[in-house]
Amino acid sequence: MSLTPEIKLELLRKMLRARLFEEKIVAVYAAQDMKTPVHLYLGQEAVAAGVSQHLNADDYMFSTHRNHGHALCKGADMKPLAAELYGRAAGCAKGKGGSMHFVDVSKGCLGTSAIVGGSIPLAAGAALAIKQKGQAGRLAVTYFGDGASDEGVLQETLNFAALHRLPVLFACENNFYATNSPQKARHAEGLICKRAEAFGIPGVLVDGNDAEAVYGAAGKAVEHIRAGQGPYFLEFRTYRWKGHVGPDCDWEQGCRPKEEYFEWVKRCPVESYINKLTADGVLKGTALAQLKAGIADEIAEAWAFAKAAPYPAAEELFTDVY
Ligand SMILES: Cc1ncc(C[n+]2csc(CCOP(=O)(O)OP(=O)(O)O)c2C)c(N)n1
Ligand SMILES: [Mg+2]
């Protein structure tokens with residue numbers, strides 16, 4: 001997979017957009033005017049950036065409770081996302097969904113689910129629709145965690161997708177934890193991607209903290225899917241920096257070993273890529289500062305928009321809710 005300087009800088013821009021958006025959430029969360037739990041994606045940004053680099057706006061994307069990075073890297077407009085965090089009517093889910101329900105249909109972000117594993121079959125459904133409509137070359141991607149891989153619905157969906165050769169990419173982000181339960185306490189076999197092979201689906205393990213490794217593996221997978229060869233499964237090994245939910249870390253409470261946490265923080269996907277691009281001469285002069293300043297402006301505008309937006313009207317209480 002050839003990587004031009006433009007693509008490298010775009011990978012970095014995507015990661016930084018996800019990173020700075022969530023750093024803003026961390027900075028303001030204690031004020032308690034953001035009435036939503038937040039499952040932060042900090043530390044995992046290389047996955048969404050590297051996969052999204054191969055996606056078009058009309059490809060479908062389904063995500064999880066930890067969805068901010070997925071939506072932003074797919075190109076979602078930041079303003080309705082910020083408004084959703086503040087429960088405003090201008091939010092992407094009209095202020096009724098919160099952080100776990102980021103959508104942007106115009107960018108193919110069709111939905112997320114707080115039900116662990118819930119969006120996996122939705123992606124297969126979208127892929128089936130693509131197939132039935134004869135929209136060759138289009139695909140659906142579903143992001144899900146190692147915890148979701150424990151749900152029976154994954155195995156059912158893998159079988160269905162393989163049987164019908166559906167254009168769907170299974171993107172499993174193995175951050176080694178389902179809430180506070182470590183993978184080694186749950187899985188007899190550590191390689192989740194091996195399960196895909198039982199259904200005749202290629203299953204590949206990828207370093208999820210290396211944006212270029214993600215980009216390369218996702219490129220092969222997407223090429224395979226767009227060529228009509230059926231589904232593909234990628235397992236990305238990565239690590240979340242914050243606790244399962246909320247802006248605090250959780251190693252202090254003994255939820256994870258401190259040494260493990262700091263080992264992974266040393267492998268920051270954003271910092272290591274900045275260092276690589278600087279050493280390679282791709283990132284020069286004030287380029288990084290300009291990139292960050294542009295994203296900071298976008299965040300400031302999104303927050304101003306969100307906080308000025310009205311709450312849903314009382315008579316809207318039961319609209320779109322079931
Ligand atoms: C069906 C279902 N079971 C349990 C939960 C509670 N729950 C929310 S997130 C989560 C862990 C998910 O772990 P993983 O899929 O690895 O995603 P991560 O949080 O690591 O991104 C659990 C058990 C839920 N929301 N839905
Ligand atoms: Mg997990």
Side-chain angles (χ1 to χ4, degrees), residues 18-19 21-22 25-26 36-52 61-74 93 97-102 109 111-123 141-158 169-196 205-209 214 233-251 253 255-257 260-261 263-265 267 269:
R19 170 67 57 98
F21 179 82
E22 290 202 328
I25 295 174
V26 171
T36 175
V38 284
H39 300 78
L40 299 174
Y41 192 62
L42 293 165
Q44 302 188 195
E45 296 92 342
V47 177
V51 170
S52 301
M61 188 280 283
F62 293 83
S63 176
T64 69
H65 53 286
R66 202 175 302 289
N67 62 53
H68 304 165
H70 303 147
L72 288 167
C73 289
K74 185 74 168 59
S99 155
M100 287 188 277
H101 296 93
F102 274 13
C109 305
T112 57
S113 178
I115 300 168
V116 170
S119 53
I120 297 171
L122 302 184
V141 56
T142 175
Y143 294 99
F144 56 95
D146 51 294
S149 78
D150 297 346
E151 298 285 353
V153 73
L154 174 65
Q155 328 331 301
E156 294 173 41
T157 308
L158 288 173
L169 172 60
F170 295 91
C172 176
E173 288 179 274
N174 182 1
N175 60 14
F176 303 100
Y177 287 89
T179 51
N180 296 332
S181 177
Q183 188 197 8
K184 56 183 181 297
R186 308 182 339 258
H187 293 174
E189 164 56 57
L191 276 176
I192 300 170
C193 57
K194 265 192 181 177
R195 300 186 207 168
L205 181 67
V206 185
D207 179 350
N209 275 37
V214 174
F233 190 110
L234 296 172
E235 175 186 351
F236 300 102
R237 285 200 174 153
T238 182
Y239 202 77
R240 68 167 152 75
W241 284 6
K242 296 296 180 183
H244 169 69
V245 61
D248 301 324
C249 297
D250 60 359
W251 60 266
Q253 284 88 43
C255 299
R256 293 186 285 178
E260 175 189 278
Y261 172 84
E263 259 325 294
W264 279 95
V265 169
R267 299 194 49 227

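We count ligands from 1, going down the list as the structure has it; atoms in each ligand are counted the same way. We're numbering straight along the sequence, starting at 1. As the structure is a computational prediction, the values presented were derived from the model and not from experiment.
- Those atoms of ligand 1 that come under 4.0 Å of a heavy atom in Arg66, given as number and element, are 18 (P), 19 (O), 21 (O).
- Here is the list of ligand 1 atoms found below 4.0 Å of a heavy atom in Asn175: 18 (P), 20 (O), 21 (O).
- The closest protein non-hydrogen atom to atom 23 (C) of ligand 1 is Thr179 CG2, 4.2 Å.
- Side-chain atoms of His68 and Met100, non-hydrogen and from C-beta on, never get closer than 4.5 Å to each other.
- Near Gly145, meaning under 4.0 Å from one of its heavy atoms, ligand 1 places the atoms 14 (P), 15 (O), 16 (O), 17 (O).
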Report task. In sequence, state the C-alpha distance, the side-chain angles, and the governing distance for Asp150 and His187, and then conclude on side-chain hydrogen bond (donor to acceptor under 3.5 Å, both in side chains). Result -> CA-CA 9 Å; Asp150 297 346; His187 293 174; 2.5 Å; yes
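- Taking the six-membered ring for Trp and the full ring otherwise, the centers of His65 and His244 sit less than 6.0 Å from each other.
- Contact annotation: for Glu173 versus ligand 1, there are no heavy atoms closer than 4.0 Å.
- The nearest N, O or S atom of Gln183 is not closer to the Mg ion (ligand 2) than 2.8 Å.
- In this structure, Lys242 contributes its side chain and Pro247 its backbone to a donor-acceptor pair below 3.5 Å.
- Side-chain contact annotation: Glu173 with Tyr239, donor-acceptor N/O pair under 3.5 Å absent.
- A salt bridge between Arg267 and Asp207 is present, with a side-chain N of the basic residue lying under 4.0 Å from a carboxylate O of the acidic one.
- Close approach to His65 involves these atoms of ligand 1, each under 4.0 Å from a residue heavy atom: 9 (S), 12 (C), 17 (O), 18 (P), 19 (O), 21 (O).
- With hydrogens and angles disregarded, no donor-acceptor distance shorter than 3.5 Å links the side chain of Tyr177 to the backbone of Asn180.
- An N or O contact shorter than 3.5 Å links Val116 to ligand 1 by distance.
- Phe176 places none of its side-chain heavy atoms less than 4.5 Å from the side chain of Thr238.
- Heavy-atom proximity to Ala148, at under 4.0 Å, picks out these atoms of ligand 1: 15 (O).
- The protein heavy-atom contact nearest to atom 9 (S) of ligand 1 is His244 CE1, 3.2 Å.
- By the criterion of a heavy-atom distance under 4.0 Å, the backbone of Ala114, and not its side chain, is placed next to ligand 1.
- In terms of N/O distances under 3.5 Å, ligand 1 is not approached by Arg240.
- Proximity of a side-chain donor or acceptor of Asn175 to a complementary backbone N or O of Arg240 within less than 3.5 Å is not detected.
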Report task. Start with the C-alpha gap between Asn174 and Glu235, add the side-chain angles, then the distance that decides, and say whether side-chain hydrogen bond (donor to acceptor under 3.5 Å, both in side chains) holds. Result -> CA-CA 7 Å; Asn174 182 1; Glu235 175 186 351; 3.0 Å; yes
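- Within Asp146, the N, O or S atom lying nearest to the Mg ion (ligand 2) carries the name OD1.
- Taking every heavy atom of Glu151 and a limit of under 4.0 angstrom, the matching atoms of ligand 1 come to 1 (C).
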Report task. Could you give me the CA-CA distance, side-chain angles and deciding distance for Arg256 and Asp250, then say whether salt bridge (Lys or Arg N to Asp or Glu O under 4.0 Å) is met? Result -> CA-CA 7 Å; Arg256 293 186 285 178; Asp250 60 359; 2.7 Å; yes
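- The closest approach between a heavy atom of Phe144 and any atom of ligand 1 is not below 4.0 Å.
- At a threshold of 2.8 Å, the Mg ion (ligand 2) has no backbone or side-chain N, O or S atom of Asn174 nearer than that distance.
- Ranking the protein heavy atoms by distance from atom 14 (P) of ligand 1 puts Gly147 N, 3.4 Å first.
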